[in-house]
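When a ligand or atom number is given, it counts from 1 through the structure's own listing order.
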Amino acid sequence: TGEPAWWRGAGIYQIYPRSFQDTNEDGVGDLPGITAHLPYIADLGAEAIWVSPFFTSPMRDFGYDVSDYRNVDPIFGTLKDFDELVATAHRLGLKVLIDQVLSHTSDQHPWFKESRKARTGPRSDWYVWADPRPDGTPPSNWMSVFGGSAWAWEPRRRQYYLHNFLETQPDLNFHTPAVQDQLLEESRFWLERGVDGFRVDACNFHFHDPLFRNNPPARGKHLELSSVRPGNPYGMQTHRYDKTRPENIAFLKRFRGLLDAYGAVSVGEVGDEDALPIMAAYTAGGDKLHMAYGMYLLTDEFSAARVRKAVLDFERALKAGGGWGCWSLSNHDVERVASRWGGGTDDPAFPKVLLAMLGTLRGSFCLYQGEELGLTEAVVPRNRLVDPYGITFWPDFKGRDGCRTPIPWTPEVPYGGFSGVEPWLPMAQEHLPKAVSVQDPDPASVLNFCRTFLAWRRRQPALRAGSIAFPKAPEPVLAIRRETPGQRLLAVFNLGPEPAEYQLPARVLPLQGHGFAAAVPDGRILRLPPWGGFFGQEP
Ligand code: TEU
Ligand code: CA
């Protein structure tokens, strides 16, 4: 049909279940709470949802430590609640992607309980076990993303096991064929329940270097990435083991084979200081992951030049293999972009221009819950911090709680319609005036801009799958050209807090309906207000 596949250019709304909506008054968001608001998400104009983990878990990493891949943790509800969520989403025309955390399990998973008991036995090689060095120290100098050595000692085996994250998140050994077979079956369980695909957690950590070679010293580039987590001075986590080696690719091909049997899609999370070649390798050729996202627009650095470079580097890397990217400016792991890049502004024009820019980049994109409201990073009092990663590095790094506080549905003090009891993380009182029910009737709100823009965007073929180029523009102006045979679109964004001028490259026909105030060029001179935007049709 020539129409791009639904996922190419799709807007994916990321839900963090714990903080979306509580329906059983335990202060924690749950699956029925998501189902209740699916019409709100469909109304936003998203094509799909990505639901962060809701599986059985001791919640040491709030669900990214799975102890049963085939069940819903009681705090979120039941499998029946999940089926109801999928059926409702499909009735509303929303696709459902769920997280798959395959790189590691919880230490409470039965597999690990068995594996750690002895060096022999059916699952003794399901995790990464290694002997101590002669002096008793860990097998290598690998570091955990969450700080400290990536190796933990098990006295019963007199061996170390690998954990790239918390000690309670032992790494599965993908070099063991039975592990790959089993994980594919865990994913099939959800495909059978009708999910449309997966967000694959930490997919660049699936394999490790079987020779346990030491890391070279951390490089500058990585320290740039660790600005995503300024508290992590440890440099590279695991060996510069080539994450694109044949065994990595072979597993992703097996995974794709499973997905293709159900017409499902995948978006891989690639957190790595050299993510580009990995993302390109993992999405090239149409027989591995469909999409991948990196951390390029999730760091603290912000400028039109930075955005341009990130996208062009990405395109260059992807071009070779025809892969496809997925952009995001916020998620459950980093400071909310309105604060991270906003320099303290509370002007709704800022989150609006970022939203429009995100939807104009070539690729698909993820919108993190609350981004459509322009929510800023919440300040969580130290005695309410629960993210182990933030507690470890406080005060250098405040942790991830500030981007995970409950969504305000109403301005009602103190819980904003999220719950009737004190939630697991405090409702940020400064978020209440930005509640959904406050923004819903306001035509100038970020929420209504999001609705208008995403609806308009879906009518622009060039924005879904067109090529991308960046005409020259003076900082802080970002010009983006998107082109398909039928449409040549020029977008111009002022990413700064002062008015800006831009010399249009050619006579363009101003387009309306996108949500920005009309900006009529004076001849070739386009004048944009602070954080303003413009779309024109080029001849
Ligand atoms: O995050 C993965 C992650 O933190 C790394 O990709 C890191 O960003 C990179 O190495 C740069 O430092 C995923 C989940 O999003 C996160 O919430 C979990 O805590 C983590 O995996 C473990 O499952
Ligand atoms: Ca609940």
Side-chain angles (χ1 to χ4, degrees), residues 14 16-34 36 50 52-55 57 59-66 72-78 81 99-106 142-147 150 163-166 168-172 199-206 218 221-238 243 267-275 278-279 292-296 298-299 328 330-334 366 368 387-390 393 397 399-401 403-404 406 415 418-421 423-424:
Q14 182 195 352
Y16 190 71
R18 299 186 74 90
S19 303
F20 197 65
Q21 175 73 63
D22 174 20
T23 61
N24 63 336
E25 303 299 84
D26 63 357
V28 180
D30 41 59
L31 297 186
I34 296 174
W50 149 29
S52 276
F54 48 81
F55 314 106
S57 163
M59 302 297 171
R60 309 294 287 274
D61 190 19
F62 299 103
Y64 281 94
D65 49 326
V66 179
V72 175
D73 192 281
I75 204 164
F76 294 119
T78 64
D81 292 325
D99 237 301
Q100 282 293 274
V101 189
L102 305 178
S103 190
H104 47 270
T105 67
S106 159
W142 301 350
M143 291 299 196
S144 157
V145 173
F146 293 156
H163 60 88
N164 284 306
F165 298 95
L166 296 174
T168 54
Q169 292 173 292
D171 239 62
L172 281 162
R199 177 266 188 182
V200 189
D201 185 66
C203 61
N204 53 313
F205 287 90
H206 282 166
K221 259 207 270 188
H222 181 75
L223 297 181
E224 169 196 278
L225 240 191
S226 63
S227 72
V228 174
R229 295 170 160 71
N232 181 3
Y234 292 95
M236 293 193 284
Q237 286 93 32
T238 54
K243 316 277 180 153
V267 49
E269 179 214 29
V270 179
D272 195 292
E273 68 278 11
D274 286 336
I278 299 171
M279 290 152 67
Y293 79 82
M295 307 292 158
Y296 289 83
L298 291 165
T299 64
S328 51
S330 283
N331 62 30
H332 64 293
D333 286 333
V334 295
C366 288
Y368 177 54
D387 172 19
Y389 188 33
F393 287 110
F397 171 53
R400 303 171 294 177
D401 292 317
C403 68
R404 298 175 174 180
Y415 307 132
F418 168 76
S419 175
V421 301
W424 71 290

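At a heavy-atom cutoff of 4.0 Å, ligand 1 is contacted by the side chain of Arg199 but not by its backbone. Within the 4.0 Å heavy-atom criterion, neither part of Tyr16 lies near ligand 1.
Atom CG of Asp272 sits about 3.5 Å away from atom CD1 of Ile278, to the nearest 0.5 Å.
Listed by chain and number, the protein N, O or S atoms at a distance under 3.0 Å from the Ca ion (ligand 2) are Asp22 OD1, Asn24 OD1, Asp26 OD1, Val28 O, Asp30 OD2.
In terms of heavy-atom proximity, Ser328 sits nearest to Tyr293 at OG-CD1, 4.2 Å. Across all their heavy atoms, Leu31 and Thr78 have their closest contact at CD1-O, 4.0 Å. Here the shortest heavy-atom pairing between Asp73 and Phe55 reads CB-O, 3.4 Å. Heavy-atom minimum distance, Phe205 versus Val145: CZ-CG2, 4.0 Å. Nearest approach of Met295 to Gly271, heavy atoms of both residues: CE-CA, 3.5 Å.
Arg404 and Asp333 are joined by a salt bridge, as a carboxylate oxygen and a charged side-chain nitrogen come within less than 4.0 angstrom of each other.
Below 4.0 Å from some heavy atom of His104 lie the following atoms of ligand 1, by number and element: 22 (C), 23 (O). Atoms of ligand 1 found under 4.0 Å from any heavy atom of Gly271 (numbered from 1 in listed order, with element): 6 (O), 9 (C), 10 (O). Heavy-atom proximity to Glu269, at under 4.0 Å, picks out these atoms of ligand 1: 1 (O), 2 (C), 6 (O), 13 (C), 15 (O). Of all atoms in ligand 1, listed by their number and element, those nearer than 4.0 Å to a heavy atom of Met295 are 6 (O), 8 (O). Those atoms of ligand 1 that come under 4.0 Å of a heavy atom in His332, given as number and element, are 14 (C), 15 (O), 16 (C), 17 (O). Those atoms of ligand 1 that come under 4.0 Å of a heavy atom in Asp333, given as number and element, are 1 (O), 14 (C), 15 (O), 16 (C), 17 (O).
Residue Gln169 is tested with Asp65, Asp61, Asn164 for a side-chain hydrogen bond (donor to acceptor under 3.5 Å, both in side chains); the sole match is Asp61.
Ring geometry, Tyr16 versus His332: the interplanar angle falls under 30°, so the pair is classed parallel (tilted spans 30 to 60°).
When only interatomic distances are considered, the shortest N/O to N/O separation between Arg400 and ligand 1 falls below 3.5 Å.
Using a 3.5 Å distance cut-off with no hydrogens or angles, the side chains of Ser52 and Tyr64 do pair a donor with an acceptor.
A centroid separation of less than 6.0 Å is found between the aromatic rings of Trp424 and Phe62.
Ligand 1 lies nowhere less than 4.0 angstrom from a heavy atom belonging to Tyr389.
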